[in-house]
There are 2 protein chains.
Amino acid sequence: MTTSLAEENYLKIIYRLCEGTKEDISTNSIAELTNNKAASVTDMLQKLAEKGWVTYQKYQGVRLTKIGESIALSIIRKHRLWEVFLVEKLGYNWDEVHEIAEQLEHIESETLINKLDSFLDFPKIDPHGDPIPSQEGEIPELGYLHLSEVKLNETCTLMGVAKDSAVFLQLLTKLNLSLGARLEVVEINTFDRSVSLKIAEEKPIFISYEVAKNILVKI
Amino acid sequence: MTTSLAEENYLKIIYRLCEGTKEDISTNSIAELTNNKAASVTDMLQKLAEKGWVTYQKYQGVRLTKIGESIALSIIRKHRLWEVFLVEKLGYNWDEVHEIAEQLEHIESETLINKLDSFLDFPKIDPHGDPIPSQEGEIPELGYLHLSEVKLNETCTLMGVAKDSAVFLQLLTKLNLSLGARLEVVEINTFDRSVSLKIAEEKPIFISYEVAKNILVKI
DNA sequence: ATTAATTTTTAGTCTAGTCTAAAAATTAAT
DNA sequence: ATTAATTTTTAGACTAGACTAAAAATTAAT
Ligand SMILES: [Mn+2]
Ligand SMILES: [Mn+2]
Ligand SMILES: [Mn+2]
Ligand SMILES: [Mn+2]
């Protein structure tokens, strides 16, 4: 069966919301992320349920079915592979690629994405450290921690970000925080949970809890 | 001003029809190429005229304005650059890329297409020998002939094709006719205008007028 | 356990882009 | 120059995907 652009965007967002929790997803939370009104979301959920891509009961929320999930994963795979292409081959910065990938992820071709995958040498992660689902929809669980969870005086490696927004990524770049950086937590302020970090023996930098929460690290 | 996918496809087709002739373009000819009904075309022509991209008078046909033409050329530029990418970088054959490029040509980004252009080393022609418009909308007039116009015993070089259809391109491939091939016209049958060709001293092959008409050559 | 607040769904409307059927204009044929 | 054939436009209807306003269901507060 064929998927429209609108349907693909809904499935992708429902996937993101399902990831966190075992609960069913609320209409309002979807409305927020799609920038649509709740009434429009209800309409679409009924269509998606009709097509067998979500399970949905009035007032009780929604979840992806196996098929719905595999559609979402194939779009995420395309999004992330295109982001790798834009950064690795065309020389974009990591904060510039998300919007373009939002368009490219909807290009429909059986062969294209696999040829692209091969051209890029089968990358396992995208420019933001997010794992790239395989053709079969396997997505490795990387088990990263949020930097905000790291204990005082521990050292870790920056593996990814939990947010794609350009302003956030530009801030990280300005602070010299890029994928692979070695970070030592030298101070945690209990008052506002802000953090001081040493990046590879340089003099410490200061980041808010909001920032630390969106940085993914490996111990 | 912003262009929808449907509008872009109409402008591209009107451009193609304008290219040939100085006459205004008929509603029916557009309907045929867009695979829409004439009534739908009339609707769209009124919208395009409203936006200033075509000049249009009821019953009198349509032409692109300067702005309309520059939009069409920017889409054609994108289409052809993506075709080069698909063939040169991803290893597609020339008969496999048109449909994918039909989708990619609508990706909207100021920077993307110029970075792609640079990544591809500023190609001047696409995999079918068609010229790639510059960023400014300049399109070199290549002055090629149709193979059907070449005189008996003359030798020429295959520079391009006048048709993108997969079956046509596959036929050429099967006949060993590819870009750059040296062709000698060794026989022209006046009855059906079919042609016999020597490709680089090999034994002659036979092609119909229909095929010869869609092969572009340089003497 | 009622009432109040919140969330979700329904009902009805809108736009873009398509269609069919019928009317109007143009072009071709007598 | 009429008439006939063809082309083009209008009129009215449909679908996808959005919206607003109002009704219904759920959840929270007394
Ligand atoms: Mn992204
Ligand atoms: Mn990413
Ligand atoms: Mn093409
Ligand atoms: Mn081409």
Side-chain angles (χ1 to χ4, degrees), chain A residues 1-14 17-18 20-64 68 71-72 75 102-103 105-106 108, chain B residues 1-14 17-18 20-64 68 71-72 75 102-103 105-106 108:
Chain A
M1 204 181 309
T2 185
T3 51
S4 72
L5 190 140
E7 288 167 346
E8 292 186 356
N9 283 332
Y10 272 97
L11 290 174
K12 214 176 34 151
I13 277 166
I14 297 169
L17 291 166
C18 283
T21 156
K22 199 137 178 104
E23 312 273 302
D24 282 13
I25 302 311
S26 75
T27 300
N28 263 348
S29 64
I30 297 168
E32 207 170 330
L33 290 185
T34 55
N35 289 310
N36 289 326
K37 294 299 155 76
S40 313
V41 174
T42 300
D43 273 2
M44 182 57 87
L45 293 182
Q46 288 165 351
K47 275 183 228 166
L48 295 178
E50 194 69 38
K51 295 200 173 192
W53 297 334
V54 299
T55 58
Y56 166 69
Q57 282 139 261
K58 269 189 181 196
Y59 295 102
Q60 301 309 308
V62 78
R63 283 199 78 78
L64 290 179
I71 297 172
I75 297 158
E102 285 291 310
Q103 297 179 63
E105 72 190 4
H106 302 291
E108 193 207 308
Chain B
M1 205 179 312
T2 185
T3 51
S4 73
L5 191 139
E7 287 167 346
E8 292 187 356
N9 284 332
Y10 273 96
L11 289 175
K12 212 176 35 150
I13 277 166
I14 297 169
L17 290 167
C18 282
T21 155
K22 199 137 179 112
E23 312 272 303
D24 282 14
I25 302 311
S26 76
T27 300
N28 263 349
S29 63
I30 297 169
E32 208 170 327
L33 290 184
T34 54
N35 288 310
N36 289 326
K37 295 300 155 77
S40 313
V41 174
T42 299
D43 273 2
M44 182 56 88
L45 293 183
Q46 289 164 351
K47 276 183 228 167
L48 295 178
E50 194 69 37
K51 295 199 172 194
W53 297 334
V54 299
T55 57
Y56 166 69
Q57 282 140 260
K58 270 191 180 197
Y59 294 102
Q60 301 310 309
V62 78
R63 284 198 78 77
L64 291 179
I71 297 171
I75 298 158
E102 285 293 309
Q103 296 178 64
E105 71 190 6
H106 302 290
E108 193 207 307

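As the structure is a computational prediction, the values presented were derived from the model and not from experiment. Chain letters run A, B, ... following the sequence lines, proteins first, then strands; residues in each count from 1.
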*Send over the distance from A:Q46 CD to D:dG17 P, rounded to a whole Å.*
14 Å
_What is the first contacted nucleotide of DNA chain C and what is the last, in 5' to 3' order, if contact means an atom lying under 4.0 angstrom from a heavy atom of chain B?_
C:dA16 to C:dT26
*Which value, rounded to the nearest 0.5 Å, describes the distance between A:N9 atom CG and A:I14 atom CD1?*
11.0 Å
_Requiring both pairing distances under 3.5 angstrom, list the stems that contain DNA chain C and are made of three or more consecutive Watson-Crick or G-U pairs._
C:1-30 with D:1-30
*Pick the nucleotide of DNA chain D nearest each of B:N28 and A:A6; which residue has the one closer to the 5' end?*
B:N28
*Of all residues at least two apart in sequence or in a different chain, which pass the side chain to side chain donor-acceptor pair (under 3.5 Å) check with A:K58?*
none
*Name all residues meeting the side chain to side chain donor-acceptor pair (under 3.5 Å) criterion together with A:K47; count only those two or more places apart in sequence or in a different chain, and write none if there are none.*
none
*Name all residues meeting the side chain to side chain contact (heavy atoms under 4.5 Å, CB included) criterion together with B:Q46; count only those two or more places apart in sequence or in a different chain, and write none if there are none.*
B:T42, B:D43, B:Y56
*State, to 0.1 Å, how close A:E23 and A:R63 come at their nearest heavy-atom pair, and which atoms those are.*
O-NH1, 2.7 Å
Could you go through residues 25-36 of chain B and list every donor-acceptor pair under 3.5 Å that involves a side-chain atom there, pairing it with any protein atom two or more places apart or in another chain?
unit_1: B:S26; atom_1: OG; unit_2: B:S29; atom_2: N; d: 3.2
unit_1: B:S26; atom_1: OG; unit_2: B:S29; atom_2: OG; d: 3.1
unit_1: B:S29; atom_1: OG; unit_2: B:S26; atom_2: O; d: 2.8
unit_1: B:T34; atom_1: OG1; unit_2: B:I30; atom_2: O; d: 3.0
unit_1: B:T34; atom_1: OG1; unit_2: B:A31; atom_2: O; d: 3.4
unit_1: B:T34; atom_1: OG1; unit_2: B:N36; atom_2: N; d: 3.4
unit_1: B:N36; atom_1: ND2; unit_2: B:Y10; atom_2: OH; d: 2.8

*So which of residues 35-42 of chain A are in contact with DNA chain C, with a heavy-atom cut-off of under 4.0 Å?*
A:A38, A:A39, A:T42
*Mind checking side chain to side chain contact (heavy atoms under 4.5 Å, CB included) for A:A6 and listing every partner two or more places apart, or none if nothing turns up?*
A:S4, A:M44
*Which residues share a side chain to side chain contact (heavy atoms under 4.5 Å, CB included) with B:K37, sequence neighbours left out*: B:S40
*Which parts of residues 47-59 of chain A get close to DNA chain D, meaning a heavy atom less than 4.0 angstrom away?*
A:K47, A:Y59
*Can you sort out the partners of A:E105 under side chain to side chain donor-acceptor pair (under 3.5 Å), two or more places apart, ordered by chain and number?*
A:K12, A:H79
_Is the shortest side-chain heavy-atom distance between B:I71 and B:L64 below 4.5 Å?_
no
*Return the set of residues passing side chain to side chain contact (heavy atoms under 4.5 Å, CB included) with B:E8 (not counting sequence neighbours), or none when no residue passes.*
B:T3, B:I75, B:H106
*When the distance from CG of A:D43 to C1' of D:dA16 is rounded to whole Å, what number comes out?*
10 Å
*Write down the atom of B:W53, the atom of B:T2, and the distance for their closest heavy-atom approach.*
CH2-O, 3.7 Å
